[in-house]
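Just below is one structure, and these are the notes that go with it.
In this text, all values refer to a predicted model and were calculated from it rather than measured experimentally.
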Amino acid sequence: MAQLPILRYPDPRLHTVARPVAAVDERIRRLVDDMIETMYANEGVGLAATQVDVHERVIVMDTSDQHNQPLVLINPEIIESSAEFALGEEGCLSVPAIYDKVERHARVTVRALGRDGQSFELQAEGLTSVCVQHEMDHLIGKVFVEYLSNLKRDRIRTKMLKKTRDEQRG
């Protein structure tokens, strides 16, 4: 397994729409394993393949208390969403150290393939529901800051560009 570099907002590659995975083969399982390692190493609860510059419909997440129950969603699709919404604070590994409130469906049901290629359904609420929706946004090229006002988004963009410049200077 290997840690993968995470794209940082406002990298334009984060706006790439991911294509469906054609087959859950050894290459995809290796990607999943590397994504899980990368997510844990960066103390995240979710990671979409788009964030590691692989534009296929793959998500890994772990919203368990012990962070020891990774969940793999390949070609996920939300098949049901609650009418109720919840407002919660979100962060993102592609937008480090930035948090803001986003409104999401309180509950969703998602159908996906697991690491083994088998189809399953997951009914999610709370943090798991938020995480599924957040990561699925990445697969359509959307970053959570796009839910914020133009002013907030511009400030975050400026801050992230400055941070990248400062890191490159050493």
Side-chain angles (χ1 to χ4, degrees), residues 1-18 31-74 76 78 81-82 84-108 110 112 122-168:
M1 294 200 314
Q3 283 190 47
L4 304 169
I6 297 173
L7 299 178
R8 188 180 289 171
Y9 181 81
D11 191 309
R13 293 172 290 180
L14 287 168
H15 299 293
T16 304
V17 176
L31 171 65
V32 162
D33 294 344
D34 290 347
M35 287 174 61
I36 290 170
E37 180 177 335
T38 302
M39 175 185 68
Y40 286 143
N42 288 276
E43 299 178 12
V45 295
L47 185 66
T50 301
Q51 294 175 270
V52 294
D53 204 20
V54 176
H55 303 287
E56 293 182 83
R57 294 183 59 79
V58 178
I59 293 170
V60 299
M61 51 189 276
D62 187 345
T63 56
S64 69
D65 291 338
Q66 309 304 320
H67 300 292
N68 61 357
Q69 297 173 30
L71 181 63
V72 176
L73 303 172
I74 299 170
I78 293 177
S81 301
S82 66
E84 305 86 39
F85 287 82
L87 187 66
E89 191 164 84
E90 292 187 27
C92 180
L93 293 176
S94 291
V95 195
I98 303 291
Y99 301 89
D100 213 315
K101 295 197 179 306
V102 176
E103 189 174 63
R104 303 272 187 187
H105 290 280
R107 291 175 305 285
V108 295
V110 63
L122 170 73
Q123 294 180 336
E125 59 184 317
L127 178 58
T128 304
S129 175
V130 169
C131 191
V132 165
Q133 294 171 79
H134 176 110
E135 299 308 333
M136 285 187 68
D137 275 353
H138 280 298
L139 299 181
I140 60 169
K142 188 170 188 176
V143 180
F144 91 98
V145 297
E146 293 172 50
Y147 288 99
L148 308 178
S149 70
N150 287 336
L151 177 63
K152 280 186 178 180
R153 195 169 46 247
D154 288 346
R155 285 182 178 162
I156 291 167
R157 177 187 195 83
T158 300
K159 186 182 227 177
M160 297 306 297
L161 289 170
K162 181 184 182 312
K163 185 175 184 170
T164 300
R165 274 195 309 274
D166 290 350
E167 287 170 356
Q168 288 171 344

Inset, instruction - Taking all non-hydrogen atoms of both residues into account, name the closest pair between S94 and Q51 and its distance. - result: OG-NE2, 3.1 Å
Legend entry - Intermediate values then yes/no, side-chain contact (heavy atoms from CB on, under 4.5 Å), V145 and D100: CA-CA 8 Å; V145 297; D100 213 315; over 6 Å; no
Inset, instruction - Using a 4.5 Å cut-off on heavy atoms from C-beta on, say whether the side chain of M61 contacts that of T128. - result: yes
Legend entry - Side-chain touch M136/K142, heavy atoms, less than 4.5 angstrom: no
Legend entry - Nearest non-hydrogen partners of A49 and M35, listed with the distance: N-CE, 3.3 Å
Inset, instruction - Using a 4.5 Å cut-off on heavy atoms from C-beta on, say whether the side chain of T63 contacts that of V130. - result: no
Legend entry - Under 3.5 Å donor-acceptor, N42 side chain and G44 backbone: no
Legend entry - Considering all heavy atoms, the nearest R57-L139 contact: NH1-CB, 3.6 Å
Inset, instruction - With rounding to the nearest 0.5 Å, note down the distance linking CD1 in I78 to NE2 in H105. - result: 7.0 Å
Legend entry - Approximate separation, where rounding is to 0.5 Å, of L161 CG and D166 CG: 11.0 Å
Legend entry - Shortest non-hydrogen contact from R8 toward P96: NE-CG, 3.9 Å
Legend entry - S129 and Q133: side chain donor to acceptor below 3.5 Å: yes
Inset, instruction - Take L4 and D53, measure what side-chain contact (heavy atoms from CB on, under 4.5 Å) needs, and give me the verdict at the end. - result: CA-CA 9 Å; L4 304 169; D53 204 20; over 6 Å; no
Inset, instruction - Please test H15 against T50 for side-chain contact (heavy atoms from CB on, under 4.5 Å), starting from the C-alpha separation and ending with a verdict. - result: CA-CA 8 Å; H15 299 293; T50 301; over 6 Å; no
Inset, instruction - Find out whether Q168 and T164 are in side-chain contact, i.e. whether some heavy atom of one side chain is under 4.5 Å from a heavy atom of the other. - result: yes
Inset, instruction - For Q3, look at atom CD and say whether over 12 heavy atoms of other residues, nucleotides or ligands are found less than 6.0 Å away. - result: yes
Inset, instruction - Could you tell me whether the side chain of Y147 reaches within less than 4.5 Å of the side chain of E103, counting heavy atoms only? - result: no
Legend entry - Atom NZ of K163: over 12 foreign heavy atoms under 6.0 Å: yes
Legend entry - Minimum heavy-atom distance P76-I59, with the two atoms named: CG-CD1, 3.9 Å
Inset, instruction - Verify side-chain contact (heavy atoms from CB on, under 4.5 Å) between L14 and Y9, making sure each step is shown before the conclusion. - result: CA-CA 7 Å; L14 287 168; Y9 181 81; 4.2 Å; yes
Legend entry - Check ion pair E146-R153 (N to O, under 4.0 angstrom): no
Inset, instruction - With rounding to the nearest 0.5 Å, note down the distance linking OG in S82 to CD in E84. - result: 4.5 Å
Legend entry - Heavy-atom side-chain proximity of R155 to L151 below 4.5 angstrom: yes
Legend entry - Nearest heavy-atom neighbours spanning C131 and G46: SG-CA, 3.9 Å
Legend entry - Residues forming a side-chain hydrogen bond (donor to acceptor under 3.5 Å, both in side chains) with E90, sequence neighbours excluded: R104, H134
Legend entry - Exceeds 12 heavy-atom contacts within 6.0 angstrom, atom CG of N68: yes
Inset, instruction - Spell out, as yes or no, whether a donor-acceptor pair under 3.5 Å connects the side chain of E125 to the backbone of R107. - result: no
Inset, instruction - Kindly indicate whether the side chain of I98, heavy atoms from C-beta on, has any atom under 4.5 Å from the side chain of C92. - result: no
Legend entry - Side-chain heavy-atom pair V95, M160 within 4.5 angstrom cut-off: yes
